[in-house]
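Take a look at the structure below.
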Amino acid sequence: MHPDRGGSAEAFRQLLEAYTFLRRSLRRGLQERGKRLKEGREKWKKWEEEVEGGQELAQEGDIVYWRNAQGEPWQVALVLAVQVVYEPSSGPHGWIYLQSLIQTSDGTFDADEEAEMEQVEPVSLDGVNWAFASSEEVGEHAWRVSPPEYLPP
């Protein structure tokens with residue numbers, strides 16, 4: 001497109017304008033994504049503080065996202081029972097007992113009858129590894145489920 005290489009000045013000007021527009025759009029998009037990630041991290045940190053302080057805990061019948069440790073994939077589960085002891089010096093200790101849910105072909109989640117019950121600490125050494133899911137019961141033992149906006153990767 002460059003005029004020195006056989007292109008026209010008008011075509012080269014249009015190319016430069018398009019390139020400038022794309023670069024600005026990309027930069028703006030990256031800045032917005034960074035802002036959303038920062039907001040998500042701040043919401044997760046606040047959530048962790050509430051759980052560690054004993055202000056939030058899942059109850060029987062809740063649908064949650066959980067993982068055994070940071071870096072592992074999130075799973076969806078139904079809370080079967082909760083056992084907690086509060087220690088003034090160190091906060092809540094105990095376990096959340098979970099029944100794994102699996103996603104069906106229509107996008108809803110159903111109990112995984114073959115899965116064993118999982119036992120998860122509300123607060124583990126590497127932090128909080130569970131969060132409430134947004135859920136709606138759509139049938140007997142069937143839910144529409146989505147993660148909270150602040151769920152970290």
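Worth knowing before you read on, the calculation uses all heavy atoms, side chains too, and leaves out hydrogens, waters and symmetry mates.
Residues Ala58 and Ile96 come closest through the heavy atom pair CB-CD1, 4.3 Å. Pairing each heavy atom of Arg67 with each of Pro73, the nearest pair is CB-O, 3.6 Å. Contact detail for Leu151 and Ala131: the closest heavy-atom pair is CD1-CB, 4.0 Å. A pairwise comparison of heavy atoms in Ala111 and Gln99 identifies CB-CG, 4.3 Å as the closest pair. The nearest pair of heavy atoms linking Pro148 to Ala133 is CD-CA, 4.5 Å.
For the atom pair CD of Glu10 and CG of Leu15, the computed distance is 11.5 Å after rounding to the nearest 0.5 Å. To the nearest 0.5 angstrom, Ser100 atom OG is 5.5 Å from Trp66 atom CH2. Asp4 CG to Phe12 CZ: the interatomic distance, rounded to the nearest 0.5 Å, is 9.0 Å. Annotation: the span from Arg41 atom CZ to Lys38 atom NZ amounts to 8.5 Å, rounded to 0.5 Å. Separation of atoms CD (Glu72) and CG (Asn129) is listed at 8.0 Å; rounding is to 0.5 Å.
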Evaluate the side chain to side chain contact (heavy atoms under 4.5 Å, CB included) criterion for residues Phe132 and Asp62: first the C-alpha distance (whole Å), next the side-chain angles of each, then the deciding distance (0.1 Å), finally the verdict. CA-CA 7 Å; Phe132 291 112; Asp62 286 339; 3.3 Å; yes
Is there a side chain to side chain contact (heavy atoms under 4.5 Å, CB included) between Asp112 and Leu101 once you walk through the steps? CA-CA 5 Å; Asp112 184 355; Leu101 300 180; over 6 Å; no
Checking Met117 against Leu80 for the side chain to side chain contact (heavy atoms under 4.5 Å, CB included) test, could you report, in this order, the C-alpha distance in whole Å, the side-chain angles of both residues, the deciding distance, and whether it holds? CA-CA 9 Å; Met117 180 176 61; Leu80 299 175; 3.8 Å; yes
Set out, in order, the CA-CA distance, both residues' side-chain angles and the distance that settles side chain to side chain contact (heavy atoms under 4.5 Å, CB included) for Trp143 and Val138, then state yes or no. CA-CA 5 Å; Trp143 297 266; Val138 294; 5.7 Å; no
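Here the options are Val64, Leu78, Ile63, the test is side chain to side chain contact (heavy atoms under 4.5 Å, CB included), and the partner is Leu98; only Val64 passes.
For residues 143-153, the salt bridge (charged side-chain N to carboxylate O under 4.0 Å, His left out) pairs, not counting sequence neighbours, are Lys43-Glu149, Glu136-Arg144.
A donor atom on one side chain and an acceptor atom on the other are not found under 3.5 Å apart for Tyr65 and Gln75.
The environment of Glu114 atom CD is sparse: at most 12 non-hydrogen atoms of other residues, nucleotides or ligands sit within 6.0 angstrom.
Note: the hydrophobic cluster containing Ile102 does not contain Phe109 (ILVMFWY, side chain heavy atoms under 4.5 Å, direct or indirect links).
Between Glu42 and Lys46 no salt bridge is recorded (no basic side-chain N to carboxylate O distance below 4.0 Å).
Under the 4.5 Å side-chain criterion, counting only non-hydrogen atoms from C-beta, Glu118 is not in contact with Tyr97.
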